[in-house]
Amino acid sequence: MADSTGPIVIVGASLAGGAAAVALREGGFDGEITLFGTETHRPYERPPLSKGLLLGDAEEPDWVGDEGFFDTAVTWKPGTTVTAIDPERKVVRVGDDSYPYQKLIIATGSTPRRLDLPGAELDGVLTLRTLDDALALRERFAAGGPVAVIGAGWIGCEAAAAARKHDAAVTMIAPEDQPLVRVLGDQIGAVFGGLHREHGVDLRLGASVQGFEGDGTVSGVKLGDGTVVPAQTVVLGVGAAPNIALAEAAGLELTDGGIAVDPTLRTSEFDIYAVGDVAAHDHPRYRRRVRVEHWANAKDQGAHVARNVLGAEAPYQASPYFFTDQYDLGCEYRGLADPEHDQLVIRGDLAGREFIAFWLRDGAVAAAMNVNDWDHGDALGALVDSGRQVTEDELINGTL
């Protein structure tokens with residue numbers, strides 16, 4: 001176990017940072033833990049923001065830890081921005097104040113990207129990342145008025161589905177030919193395209209955005225062909241940028257858009273670890289660096305890094321996992337596919353949206369996604385993790 005007298009500092013009261021704090025206490029660490037977070041809410045899980053909470057089916061996110069944990073078990077500093085990390089002196093700085101650490105965990109997460117276009121700062125041009133973002137968007141969806149969603153990734157698709165549940169008119173605008181094409185490929189992306197069209201979303205695919213119109217408040221989105229799409233609310237779902245400025249200024253090694261960490265999630269500085277969206281992880285199973293921006297990765301890396309801070313030195317080997325719920329479609333995805341090059345194999349009814357998709361690479365399943373099929377999740381996870389050789393016929397006929 002780490003020296004119980006040595007303080008541990010966590011920069012980022014995200015899901016990853018919060019999970020690390022909980023796991024440190026559960027692992028027996030009784031020393032000082034200081035947790036810095038820019039939000040005023042205690043750590044929470046983000047999936048409900050674009051699902052139950054945005055839909056109006058939930059009033060709160062799923063909180064991390066028991067109620068009161070962050071008020072009693074750690075020194076939690078909400079609404080606080082760390083301004084510098086000094087690895088040589090082993091302190092983090094908040095303005096003129098310094099906080100020493102024996103071990104440091106960086107869990108600073110990501111910031112939604114905005115578009116550098118005319119009118120992008122108009123009122124009503126919003127992103128979805130925080131609890132406050134979700135509550136503000138839900139209020140606008142419920143108030144009525146047309147909604148434009150820029151981007152056809154997971155956030156864009158889930159936001160569109162939520163807006164439709166609130167009976168808002170929705171236009172989804174993206175440069176790709178299908179929703180989710182970069183993650184799932186054309187064939188599966190077309191399934192989601194059909195789903196949204198059936199629920200009344202106006203898909204403007206293969207389209208670019210020139211800017212936003214309005215007088216103080218957004219009233220429309222101007223497309224590349226000159227068309228103006230009416231919108232009283234615009235949701236920007238165009239990706240997120242990992243918050244790596246602190247690590248860069250501290251001289252930590254960066255790579256692949258994130259903070260370089262070894263298999264145990266340790267950075268180039270021995271006493272500093274990084275987890276979640278910012279971690280470009282040297283994944284033992286993939287034999288390359290992987291940076292994953294999903295809920296399960298943040299949660300599981302946070303818990304895992306706590307054990308390593310306490311002396312375990314174990315590699316993090318879990319496969320990426322995420323899930324989505326849109327209208328009457330629910331699915332889970334395990335693994336890491338390259339849809340441009342992997343072979344897609346389908347078992348089940350693609351048109352009826354009840355199927356399992358496999359991405360086959362070098363004779364093994366690189367990723368699998370079960371859609372409206374809830375009987376095979378664990379088996380699919382084991383298959384992806386095993387890396388064992390399979391045939392297309394075995395996948396199609398379910399003989400594994």
Side-chain angles (χ1 to χ4, degrees), residues 46-56 109-183 189 192-193 195-197 199-241 293 324-327:
R46 296 192 188 275
L49 304 188
S50 59
K51 298 178 177 69
L53 200 143
L54 198 59
L55 289 163
S110 297
T111 298
R113 298 184 188 277
R114 297 192 66 91
L115 297 176
D116 185 16
L117 293 172
E121 299 307 314
L122 287 169
D123 182 50
V125 180
L126 305 173
T127 58
L128 175 55
R129 177 68 183 177
T130 68
L131 173 56
D132 292 339
D133 292 340
L135 293 174
L137 274 175
R138 185 176 72 179
E139 184 176 353
R140 295 183 73 96
F141 290 171
V147 174
V149 177
I150 314 299
W154 296 113
I155 291 295
C157 285
E158 291 183 356
R164 287 298 299 133
K165 184 182 177 183
H166 291 285
D167 293 325
V170 178
T171 304
M172 182 186 293
I173 304 161
E176 297 85 10
D177 293 332
Q178 298 291 350
L180 301 165
V181 67
R182 296 178 185 176
V183 181
F192 284 86
L195 174 73
H196 282 276
R197 287 189 183 95
H199 286 83
V201 177
D202 179 6
L203 265 62
R204 306 288 184 95
L205 301 176
S208 63
V209 175
Q210 282 192 345
F212 305 94
E213 297 189 347
D215 183 10
T217 300
V218 69
S219 61
V221 180
K222 187 174 183 180
L223 305 187
D225 63 2
T227 303
V228 176
V229 175
Q232 292 181 15
T233 300
V234 174
V235 183
L236 298 178
V238 293
E293 297 180 352
T324 190
D325 296 303
Q326 299 170 37
Y327 312 108

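Nearest approach of Leu205 to Asp177, heavy atoms of both residues: CD1-O, 3.2 Å. Looking at every heavy atom in both residues, Val221 comes nearest to Ala231 through CG2-CB, 4.3 Å. For the residue pair Gly211 and Leu117, the shortest heavy atom distance occurs at CA-CB, 4.1 Å. Taking each heavy atom of Leu137 and Thr127 in turn, the nearest pair found is CD1-O, 4.2 Å. Of all heavy-atom pairs spanning Gly153 and Leu180, the tightest one is C-CD2, 3.4 Å. Gly156 approaches Met172 most closely through the heavy-atom pair O-CE, 3.9 Å.
Atom CD1 of residue Ile173 and atom CG of residue Leu223 lie 5.0 Å apart, to the nearest 0.5 angstrom. Taken from CZ in Phe141 to CG in Leu55, the straight-line distance is 9.5 Å, to the nearest 0.5 Å. Atoms CD1 and CD, on Ile155 and Glu293 in that order, are 10.5 Å from each other to the nearest 0.5 Å. To the nearest 0.5 Å, atom CG of residue Leu236 and atom CZ of residue Arg113 are 12.5 Å apart. Here the straight-line distance linking atom CD of Gln178 with atom NE2 of His196 works out to 11.5 Å at 0.5 Å rounding. The CG atom of Asp215 sits 11.5 Å away from atom CD of Glu213, with the distance rounded to the nearest 0.5 Å.
Proximity of a side-chain donor or acceptor of Arg140 to a complementary backbone N or O of Gln232 within less than 3.5 Å is detected. Under a 3.5 Å cut-off, the side chain of Arg164 and the backbone N or O of Ala168 do form a donor-acceptor pair. Between the Arg46 side chain and the Arg129 main chain, a donor and an acceptor come within less than 3.5 Å of each other. Between the His166 side chain and the Leu54 main chain, a donor and an acceptor come within less than 3.5 Å of each other. The backbone N or O of Thr171 sits nowhere less than 3.5 Å from a side-chain atom of Arg204 that would complete a donor-acceptor pair. Checking side-chain atoms of Arg114 against main-chain N and O of Ala120 turns up a donor-acceptor pair under 3.5 Å.
For CG of Asp225, the number of neighbouring non-hydrogen atoms (other residues, nucleotides, ligands) closer than 6.0 Å is greater than 12. Within 6.0 Å of NZ in Lys222 there are 12 or fewer heavy atoms belonging to other residues, nucleotides or ligands.
With a 4.5 Å cut-off on side-chain heavy atoms, Asp133 and Leu49 do not count as touching. Using a 4.5 Å heavy-atom cutoff, the side chains of Ser219 and Leu122 are not in contact.
The aromatic rings of Phe192 and Trp154 sit perpendicular, their planes meeting at an angle over 60°, well past the 30° parallel limit.
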Under the criterion side-chain contact (heavy atoms from CB on, under 4.5 Å), I'd like the reasoning laid out for Cys157 against Thr324: C-alpha separation, chi angles, the key distance, then a yes or no.
CA-CA 9 Å; Cys157 285; Thr324 190; over 6 Å; no

How far apart are the C-alpha atoms of Val125 and Glu121, what are their side-chain angles, what is the distance that settles it, and do they pass the side-chain contact (heavy atoms from CB on, under 4.5 Å) test?
CA-CA 7 Å; Val125 180; Glu121 299 307 314; over 6 Å; no

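Side chains of Thr130 and Asp132: a donor-acceptor N/O pair is absent below 3.5 angstrom, by distance only.
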